[in-house]
Every structure is written in structure tokens, then in C-alpha cells.
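In what follows, a structure is listed as C-alpha cells, so that the remarks can point back to it.
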Amino acid sequence: MWWWRRHGGGGGGGDDGGVVVVVIVVAVMVAAALWWWWWRRDDDSGGSAGCGGGSGGVRVFLLKWLSITARPPRKNPPPSPRKLPLIGNLHQIGPFPHRSLHSLSQAHGPLMLLHFAATPVLVASSTAAARDVMKTHDLIFSNRPKSTISEKISYGAKDVLFSPHGEYWRQMKSICVLQVLSNKRVQSFRDVREEEMALIIEKISDSGSEVVNLSKLLVELTANVVCRAAFGLKYDGVGGRGGGARRGFKEVLGEFMELIGFF
């Protein structure tokens, strides 16, 4: 500290940097001295097994200590709001996450880094940033993070949604495009879509002056179309033959969506 101030390093914020440098230099010198002393002790003792094992343990300990105390390489991450220990930035996300993220982006820019507990999350809030993520650097951001839930519900990440980008994913995508999402296959379920849409319009018309939950109706519409196309069953399971089985399927599908939400 005295040496650093004497040589012109004591101005303003330079004190902290000088202290850090001096501490690191002294620590390295002490570690080197201890290492040399243990090495000479082994030579003086004739390289006995006991001393050799002890010196090897000390050397490993010193190497690990030096690797832990060494400064990590400097990085240039995006702007990030202050985070709390353990929870990160979760306390800054309110009941309406899109509004909270918009408010944070106004203060920290269109590209910012958040931490949800120990998970880093990159948030793109502008058209240019979204284009860079989804188009320019799509291969870097194409893979989803691995989780136990995704491994369990997708049989080891073997579906199109969770499988890593590669040859297997390209083959699965090709099968889906040709066999499931082709124009011929989509047009074959046109009657199903029109019928379910007519039922939704009828429900809205029959509601009269009552408040209509459009979010719930749109979810039912999508689920009914998908379930009828894939399984031949309606999602809502209202009465009729096999209604109990369909209600059970609805509960299972709801639990599945909750698990996807945890992902």
C-alpha cells in the first residue's frame, strides 16, 4: 500500500486497484516460497514416500488455490440490473412479466441480461435485437437448455421441440413438414377448424350481456382442433360416450402444460 502510494498510484480510485495488485503479488510470492520449501524438504529427506505424498498434496492445494483466486477473464456482457443473492432479478418481475420486462428495457436497453435465480436469461426487446437472435445468430440460440422435465416428458429430448440442433433434429423437422404440416394434410382438417370456430362464435353470441373470457375460449378452440386432428377426441369432453376418459385426458394435458411452464 505504502509502495503504491509512493509511486503515484494513490490518486482517487487507484488505491483499490493498487491494494488488489499488491495482495495478489504477495500471495503468489508466499505460494512460490512454500512450494520451494516443500520441494527442498523432499530432496533433503531422500524422496521418502511419506514426504513425497505430503508435498504432492500441498502442491495440488496451492495450484487449486491459485486457480480459485486468479481473476477470471474479462467479459463484455449486456447491461444488467442489480441482482440479489440466490433469487437474482426475480424480485423485479411482477404479476405481468411483459410489462416488467418492458420497464426494465426502458432503463437498460433493448438487449439486457437478467438472472432468474442461477439461470442467466438474455432478453431482446427490439426488432433489431430479435432479428439478430432469431436470424443472424440463430444457430447459437437454436438449442434449448437441458432440464430434467424436458428429458422426462420428451423421452430423452427425442422430439422436435427439445432435441438439440443437428442431423437428428433436421430429419424430425423434415418428417413433420412433409407428413404433418403439408398443405394437403392441413386442408384435410379444414372442416374440423370451421366446425370448432362456429361453436366458439355460437358461445359468444349466446353469452348476451355477460362477460366472455376470450382467452379461455381461444385455448379451447386451439385444443379442440389439435385433439380432434391428432386423436379424434374433443379436448373439453362435454358429455357423450367416453366423456370420463376425455375429462381424464384434459387433466393430463393440463398437467403437461404446467410442466412445460416449469421448463
Would you find a donor on one side and an acceptor on the other, under 3.5 Å apart, between the side chain of Ser174 and the backbone of Gln171? no

Donor-acceptor under 3.5 Å (Asp159 side chain, Phe162 main chain): yes

With a 3.5 Å distance limit and no angle check, can you tell me whether His137 reaches the backbone of Met134 through a side-chain donor-acceptor pair? no

Any heavy-atom pair between the side chains of Val123 and Ser105 that's under 4.5 Å? no

Where Pro97 and Pro95 come nearest, the two heavy atoms and their spacing: CD-O, 3.4 Å

With clusters defined by side-chain heavy atoms of hydrophobic residues (ILVMFWY) lying less than 4.5 Å apart, directly or transitively, does Val180 cluster with Phe189? no

In terms of hydrophobic clusters joined by side-chain contacts under 4.5 Å, are Val160 and Tyr168 together? yes

Looking at every heavy atom in both Leu111 and Pro79, which two are closest together, and how far apart are they? O-CD, 3.5 Å

Closest non-hydrogen atoms of Tyr155 and Lys158, given as atom of the first, atom of the second and distance, are O-CG, 2.9 Å

Does Arg99 use its side chain to pair, donor to acceptor, with the backbone of Gly94 at less than 3.5 Å? no

Considering non-hydrogen atoms only, spot the tightest contact between Leu113 and Ser80 and give its length. O-OG, 2.6 Å

State, with a plain yes or no, whether a side-chain heavy atom of Leu221 is found less than 4.5 Å away from one of Leu199. no

Let me see the working for Arg170 and His165 under side-chain contact (heavy atoms from CB on, under 4.5 Å), right down to the final yes or no. CA-CA 7 Å; Arg170 285 190 288 269; His165 186 274; 3.5 Å; yes

What is the minimum heavy-atom distance between Ile200 and Leu217, and which atoms define it? CD1-O, 3.6 Å

Residue pair Ser100 / Gln92: nearest heavy atoms and the distance that separates them: CB-O, 3.6 Å

Indicate yes or no for a side-chain donor-acceptor contact from Ser163 to the backbone of Trp169 under 3.5 Å, with no hydrogens or angles considered. no

If you define the side chain from C-beta out and look only at heavy atoms, does anything of Pro78 sit under 4.5 Å from Leu122? yes

Any link between Val226 and Leu181 through a network of hydrophobic side chains (Ile, Leu, Val, Met, Phe, Trp, Tyr) touching at under 4.5 Å? no

